[in-house]
Amino acid sequence: MAATLKDATAIVGIGQTAFARQLAAGEKELACRAILAALADAGIAPAEVDAFASYTMEETDEVEVAKSIGAGDVTFFSKVGYGGGGSCATVGHLAAAIATGQASVGVAWRSRKRGSGPRPWKNTTVQLPTPGQWTRPFGLLRPADEIGMLARRYMHEYGATRDHLFNVAMACRNRANENPAAMMYERPLTREMYMTSRMISEPLCLFDNCLETDGALACVIVSAERARDCRQRPVYVHSVAQGLPSQHHGMVNYWNDDPLSGPAWTAARHLWKQADFGPEDVDVAQIYDAFTPLIPLSLEGYGFCGRGEGAAFTEGGALEMGGRLPINTGGGGLSEAYVHGFNLINEGVKQLRGISTAQVPDAATCLVTAGEGVPTSAILLRS
């Protein structure tokens, strides 16, 4: 029988800084604060950390972080590409390293000053990467432009409307209104506000786009055996997957036969194949929400509904507390903070510990996804 990562490791510590449009501390300081908070949460000394995983877009690195927090000898370190698509993969890489004996205490993190820092696409002196040569000269300068084009095609093919996108934005804002750590805490959203807000990249309005955030988050992963002796209730990494479809081409998927069958579909096949349960058994989901259309696309890709049914799935409060699938219970990237999806990982852990500010009763399983539209990743967590 082939070896799997199923329940071999657990997340035992989570940490985060404050979230704001502008924080004074630099990215390394924010990263170290989040990591030390996660280690304290787990009851593990920094000197025991021997593995690190983060994003290729992370400006801090394992050498400086390890020195700054006082880590011991490090025996595993990795970085995952594609921005928000890498979030869950950082956990997966550490789970694989620990399960195979390459390390014993792993830390994954993301630190970002996007709120006060520059937008990546403003640097026009850098030669266009190959995908960008087919988008940016034609006016698709920002991720919002690329997702806007996918959204328009989705609306054309399946009859989705801005009301469906509003359902997504509203569900995330409602949860943020309950979360004191969220940037949109106590800042309600109404349908009128949504429908009359300025367009960012038609059909995406202001509230279809994620926040611009300074902040950092981290989590600590150990073996399932060690997890039983840690300070917090273990949250087991049940299944892990990454997804890069054949002939993939950035967010626009120009070369695919079906641009709306994105990386989520590839990741989902492997994720569920390795799991003991299916979409119908997921109690709560943290679905990557840099833009509202990613939610219906992901609902379809991960098997919660059929092709073209993701928009209709959002109707009737399905994404709200008590609905068919409560999502992004901390507020997500749309209304808590946008730190390339790492807050979704930590919120999944909170749900299965039973400490979320919008707690789903008796939640025992949680799907966490990374960015749809780019090479992606996902994890299934269980208590």
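We count residues from 1, following the sequence as given. Nothing here was measured: the structure is a model prediction, and the numbers come from that model.
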Handout entry: Within-4.5 Å side-chain heavy-atom neighbours: L334 and V168
Key = yes

Exercise for the section: Look at atom CD of E280 and say whether more than 12 heavy atoms of other residues, nucleotides or ligands are closer to it than 6.0 Å. Expected result: yes

Exercise for the section: Salt-bridge test for E27 and K113: reply yes if a basic N is under 4.0 Å from a carboxylate O, no otherwise. Expected result: no

Problem - Sidechain-backbone polar pair: R173 side chain, R187 backbone, donor-acceptor under 3.5 Å - result: yes

Handout entry: Under-4.0 Å salt bridge between E202 and R152
Key = yes

Problem - Under 3.5 Å donor-acceptor, N179 side chain and G330 backbone - result: yes

Practice task
Decide, yes or no, whether a salt bridge links D163 with R191 under the criterion of side-chain N to carboxylate O below 4.0 Å.
Solution key: yes

Exercise for the section: Verify, without hydrogens or angle tests, whether Q359 (side chain) and Q351 (backbone) share a donor-acceptor contact under 3.5 angstrom. Expected result: yes

Exercise for the section: Answer yes when D258 and R153 have at least one side-chain N-carboxylate O distance shorter than 4.0 Å, and no when they do not. Expected result: no

Problem - Y154, OH atom: more than 12 neighbouring heavy atoms under 6.0 Å - result: yes

Problem - Pairing of R110 and E58 as salt bridge, 4.0 angstrom limit - result: yes

Practice task
Keeping to residues at least two apart or across chains, list the ring pair (Phe, Tyr, Trp, His ring centres under 6.0 Å) pairs with something in residues 9-65.
Solution key: F52-W109, Y55-H340

Problem - Under 3.5 Å donor-acceptor, N346 side chain and G15 backbone - result: yes

Exercise for the section: Would you check if the side chain of H164 reaches a backbone N or O of T161 as a donor-acceptor pair within less than 3.5 Å? Expected result: yes

Problem - I345 side chain reached by I11 side chain, heavy atoms, under 4.5 Å - result: yes

Practice task
Check the angle between the aromatic planes of H249 and Y254 and answer parallel, tilted or perpendicular using the 30° and 60° thresholds.
Solution key: parallel

Handout entry: Geometric cation-pi criterion, R382 with Y236: 6.0 Å, 45°
Key = yes

Problem - R231 side chain near V12 side chain, heavy-atom distance below 4.5 Å - result: no

Practice task
Could you tell me which residues satisfy salt bridge (Lys or Arg N to Asp or Glu O under 4.0 Å) with D145, sequence neighbours excluded, listed by chain and number?
Solution key: R142

Handout entry: F277/H238 aromatic ring centres below 6.0 Å
Key = yes

Handout entry: Lys/Arg-Asp/Glu bridge criterion (N-O < 4.0 Å) met for E59, R112
Key = no

